[in-house]
Engineer: 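Got a structure for you, questions after.
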Amino acid sequence: MGKDVFEITVNILKMFVIFLMMVQAVPILVWLERRGSAFIQNRLGPNRVGPLGLLQLAADAVKFLFKEEFVPRQGVRFMYFFAPIMAMIPGALSFASLPLSVPIKIEPFQMLGQMWGPYTFAFQGYDLGIGIVFVLGISSLGVYSLLMAGWGSSNKYSLMGAVRASAQAISYELALSLSLVGILIVYGTFSFNEIVAAQTGPLTFRAFGAEHVISWLPNWGVFYQPLGAILFFSATFAEANRLPFDLPEAEGELVAGFHTEYAGFKLLMFFIGEYGHMMVASALLATFYLGGYNIPGVMPEDVLAFWQGVVGGNLASILTAVTFHLSLLLRIALLLWIFIQVRWTLPRFRYDQLMNLGWKSMLPWALFNVCVTALWVWFGHK
Amino acid sequence: MPTSAVVVDSISSVGLNHYLILSAILFSLGVVGVLMRRNIIVILMSIELMLNAVNIAFVAFSRYLQNMDGQAMVFFVMTIAAAEAAVGLALATTIFKKFREVNIRYFEHLKG
Amino acid sequence: MSLSLNDILFYFLAGVAVLSALGVILQSNPIYCALSLALTMVSVAGLFASLSAWFVAGVQLIVYAGAVLVLFVMVLMLFDTKTEKRAFSKGIVSGFFKIVSAAMIFAIAGGAASMSGDARFSKLTGVVSATQSTKDLADLLFKKYLFSFEAMGALLLFIAIGAVALSRIQGGTHAD
């Protein structure tokens, strides 16, 4: 029993759609960032091109495409051109491994004079059993983009930005991974799907041999791991090089950091990488701590039954998946707005403050979180 | 749960020997690097290359014997490699601070 | 002999690994060496995944490609040695013997591997899911190899202290 043409085609198309979702979210995010920052700073922001200034993005994209291509004279051509491409890879690969909604079940149907069998399409690019390890590993490769940009540009500001970026990424990766260890201990799995499945229903936890159910709270990870959630969210700011951790591109000191020498579409690709990182971070946070695509109090079967009452057959299954996908997107959008709001509200750290925070504050707290979680699980299961 | 069934269970002509020969190639390239290069950091990188070659052999044997011990060994090798890199880079930094170069011939001046 | 998907994957990853390993030992700019080594590490992680050692593959990406090599590149960028004047060791005769000795190591190892008959991978028995194999690995590490594992932790602590002590000679971690 192999996979037939239809299934393979759909799976390949799925990858494209997920990649395009990530890329297409970037213009919207840029618009949101500009309008949002204007709103926070009591300005108007771009509001001339199109309704609400939404077409500003199209204008920007066209402008970016027509910019002059250039390489710094003493730069390294290969690294200079490869760095923006490398910036997009980790975000795209990680985003494709996240479950975005419930699987779509397709009943057998007739097409081109042939029966096409029942299918189940997972609403995710690919399902790796070791999802968390994969995402951590892939996103740790993102530093190479910054390093290559810094070295390839042959500019001291770029180089200093790149070195800062790599030091920062190594430091905060520890806190990031350790804050996830709590989640691993609680759920006992690396798979995103199993973590999301474990977060259905009302809040249930075991403590001192008894089981407690709090019916008015959803069974989300944030109630098991509040400290872990805070640490994870803070560390993702540093990993995505966003303010208050944007030392790699601190424009007061380093002109524009590692992308000083970049312009036009290559700069846009760095932005896609950065916003992709933000999206992956938000989606991970939603998956680990905010119940993934689950809707509190509603089971997938209920939604499926509701849609089957409205439209029958395969469309109901697709609409169910879309409903749950919107529920995940809502969370991602909220978290992305927090990213933007923080950027335009908080001032930037000094570099030694950044390192102190990472090594002397977040790392011990993450270790403390791991110990407390392990003890809690140990006593809970006794 | 089918986890990436494509690479797990297909009939293939690649066997244990292929992985072992690849491991041997990478290991001897690492040996050449250690013997021929003068830059301490590149020598360290060649050692990492050799350790990686050993890891490939461990994992291939673990897969062949269907025994997880080989993968546990890989963990120890990785730990050793990380430790070695940390100390080696610290030494390289010390040498660079003294001589403004990271050549292996300055190692003999480090004593005392 | 027809090539299955698994074979194509193996030959591709092995080719990338060998070519980038050649890059490590042949390029004269240390930064390029480090980036080639990163490529080797990534393809070795892919090889681990093709042997269905999923967790080890992920750890390879995180530890080697993500942390150790970034450290190398960072140190190299701090040193700012563009190209070395003498990247390779002197002496044609000694160089010849060095290469010959490496070739002999390869001949012994590769010969032993290829003479050992046609060893095929049998189908994985039992559960092949990544979560289960990771649990088995954890069982081994925390039961059978518990002492070695804890000793590794102690080693890492000593190494960390030693590295800090080494780099604090003559004040501070910065050159000059």
Side-chain angles (χ1 to χ4, degrees), chain B residues 1 3 6-18 20-22 24-29 31-33 35-39 41-42 45-46 48-49 52 56 59-60 62-64 66 68-69 71-72 74-76 78-79 81-83 85-87 89-94 96-97 102, chain C residues 1 4-7 9-10 14 18 21 24-25 30 33-34 37 44 47-48 50-53 56 63 68 71-72 75-76 79 84 86-89 98-99 102 105-106 109-110 113-114 119-121 123 125 128-130 136-137 140-141 145 148 152 155-156 159 162-163 166-167 169-170 175:
Chain B
M1 195 177 69
T3 43
V6 184
V7 276
V8 176
D9 273 331
S10 58
I11 302 150
S12 72
S13 61
V14 169
L16 179 63
N17 298 348
H18 293 74
L20 290 184
I21 289 175
L22 173 68
I25 292 174
L26 289 183
F27 189 86
S28 22
L29 284 179
V31 171
V32 172
L35 292 177
M36 301 290 288
R37 296 303 295 255
R38 305 287 295 169
N39 188 322
I41 297 181
V42 179
M45 285 192 250
S46 305
E48 300 286 338
L49 194 60
N52 259 271
I56 293 178
V59 176
S62 146
R63 170 73 179 79
Y64 178 65
Q66 310 224 353
M68 296 298 275
D69 288 81
Q71 295 188 22
V74 170
F75 267 87
F76 297 137
M78 277 182 187
T79 320
V87 171
L89 284 176
L91 280 174
T93 323
T94 319
F96 184 79
K97 274 194 285 193
V102 278
Chain C
M1 190 178 79
S4 73
L5 196 59
N6 205 358
D7 298 357
L9 189 69
F10 171 80
V18 169
V24 175
I25 62 168
C33 296
L37 190 57
V44 168
L47 285 167
F48 287 167
S50 80
L51 290 164
S52 49
V56 175
V63 172
V68 172
L71 210 61
F72 273 110
V75 169
L76 285 170
F79 290 172
E84 290 178 275
R86 234 181 62 215
F88 300 94
S89 56
K98 284 169 182 171
I99 288 178
I105 289 181
F106 169 68
S114 59
R120 285 294 147 83
F121 294 126
K123 274 201 165 190
T125 52
V128 285
S129 86
D136 294 345
L137 187 58
L140 266 184
L141 279 179
Y145 297 110
S148 334
M152 282 295 160
L155 172 80
L156 279 182
I159 289 290
L166 261 180
S167 53
I169 298 173
Q170 300 175 347

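Just so we're on the same page: letters track the sequence lines, and every chain starts at 1.
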Engineer: Measuring only between side-chain heavy atoms, which start at C-beta, is Leu29(B) closer than 4.5 Å to Val24(C)?
Structural biologist: no

Engineer: How long is the span from the CG atom in Leu140(C) to the CG atom in Asp69(B), to the nearest 0.5 Å?
Structural biologist: 5.0 Å

Engineer: Quick one: ring pair (Phe, Tyr, Trp, His ring centres under 6.0 Å) partners of Phe106(C), sequence neighbours excluded?
Structural biologist: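 Ring pair (Phe, Tyr, Trp, His ring centres under 6.0 Å) list for Phe106(C), sorted by chain: empty.
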
Engineer: Which atoms of Leu22(B) come close to chain C, meaning under 4.5 Å heavy atom to heavy atom: side chain ones, backbone ones, both, or neither?
Structural biologist: side chain

Engineer: Are Val59(B) and Leu47(C) packed together at the side-chain level, in the sense that at least one heavy-atom pair is separated by less than 4.5 angstrom?
Structural biologist: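 Heavy-atom side-chain distance check fails, nothing below 4.5 Å.
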
Engineer: Would you check if Leu76(C) and Met45(B) make a side-chain contact, meaning some heavy-atom pair closer than 4.5 Å?
Structural biologist: yes

Engineer: Measuring heavy-atom distances to chain C, does Ile21(B) have an atom under 4.5 Å in its side chain, in its backbone, in both, or in neither?
Structural biologist: both

Engineer: Check whether Leu26(B) gets within reach of chain C through its side chain, its backbone, both or neither, counting any heavy atom under 4.5 Å.
Structural biologist: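 Contact with chain C is through the side chain of Leu26(B) alone.
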
Engineer: Nearest heavy-atom pair of Ile25(C) and Gly33(B): which atoms, and what distance?
Structural biologist: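 Looks like CG2-CA, 3.5 Å.
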
Engineer: How far does CE of Met68(B) sit from CG of Leu137(C), to the nearest 0.5 angstrom?
Structural biologist: 4.5 Å

Engineer: Any side-chain heavy atom of Pro30(C) within less than 4.5 Å of one from Asn39(B)?
Structural biologist: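 Sidechains of Asn39(B) and Pro30(C): in contact.
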
Engineer: Given heavy-atom pairs under 4.5 angstrom as the criterion, report whether the side chain, backbone, both or neither of Phe76(B) touches chain C.
Structural biologist: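 Both the backbone and the side chain of Phe76(B) come within 4.5 Å of chain C.
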
Engineer: Counting heavy-atom pairs closer than 4.5 Å to chain C, which one of Ser62(B), Ala85(B), Ala72(B) comes out on top?
Structural biologist: Ala72(B)

Engineer: Side chains of Phe72(C) and Glu48(B): does their closest heavy-atom pair fall under 4.5 Å?
Structural biologist: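 SC-SC contact between Phe72(C) and Glu48(B) confirmed.
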
